[in-house]
**Student:** 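To start, I am sharing the structure in question, which I have written as structure tokens.
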Amino acid sequence: MSTDAIVLLKDEHKLIRKAFRDFEKAGENAHKPKGRAVDRIIELLTVHTYIENEVMYPRVRELLPDVEDDVLESYEEHHVADVLVVELSTMKPTDERFTAKTTVLIENVEHHIEEEEEEWFPKVREGLGRKVLQELGADMIEARKKAPTRPSQPSALKKTIDAVIA
Ligand SMILES: [Fe+2]
Ligand SMILES: [Fe+2]
């Protein structure tokens with residue numbers, strides 16, 4: 001099985017997009033399906049940003065100084081998503097701002113994923129090569145085992161706070 005880091009991350013992007021579509025497909029007052037879709041979105045994003053922040057981004061920054069600006073911008077985009085995810089995790093689907101906040105989260109993350117996939121992951125593939133990407137992916141699979149699945153878990157909170165004070 002391939003452990004190519006970019007392949008693994010793109011597979012997760014597909015699952016994230018699928019959860020976004022599930023949310024959008026649910027009817028306006030379909031509180032249960034919307035709530036379930038948002039729970040799934042929160043879990044997928046919490047795991048995904050953790051793995052990128054803890055494993056992929058630091059390694060890329062260290063090995064490919066040319067991509068550093070892209071990595072820094074992506075950290076900030078994760079931070080915006082983190083804030084929205086934390087807020088959403090405390091809301092009910094019946095709350096007035098639940099749909100609006102989810103919609104803004106989706107717009108932000110769609111834009112972010114597009115930048116990763118179109119703008120800087122190709123530079124990472126070219127710069128790191130197959131072998132390093134395989135090793136990086138194997139490390140990501142390890143990190144996923146201890147990744148938080150809810151934003152209230154200590155390791156997720158620490159990541160959110162580090163982004164503010166670093
Ligand atoms: Fe990301
Ligand atoms: Fe990503």
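Hydrogens, waters and symmetry mates play no part in the numbers below; they use all other heavy atoms, side chains included. Remember, it's 1-based here, ligands and their atoms both numbered in the order they're listed.
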**Student:** For Arg97, is the CZ atom crowded, meaning more than 12 foreign heavy atoms sit under 6.0 Å from it?
**Tutor:** no

**Student:** Tell me which N, O or S atom of Glu52 sits nearest to the Fe ion (ligand 1).
**Tutor:** OE1

**Student:** With Glu117 as reference, evaluate Arg17, Lys10, Lys14 under the salt bridge (charged side-chain N to carboxylate O under 4.0 Å, His left out) test and give the passing residue.
**Tutor:** Arg17

**Student:** For the residue pair Glu115 and His111, confirm or rule out a side-chain donor-acceptor distance under 3.5 Å.
**Tutor:** yes

**Student:** From the N, O or S atoms in Glu116, identify the one nearest to the Fe ion (ligand 1).
**Tutor:** OE2

**Student:** Among Ile113, Leu44, Ile51, find the one that has a side chain to side chain contact (heavy atoms under 4.5 Å, CB included) with Glu12.
**Tutor:** Ile51

**Student:** In degrees, rounded to 10 degrees, what angle do His78 atom NE2 and His112 atom NE2 make at the Fe ion (ligand 1)?
**Tutor:** 90°

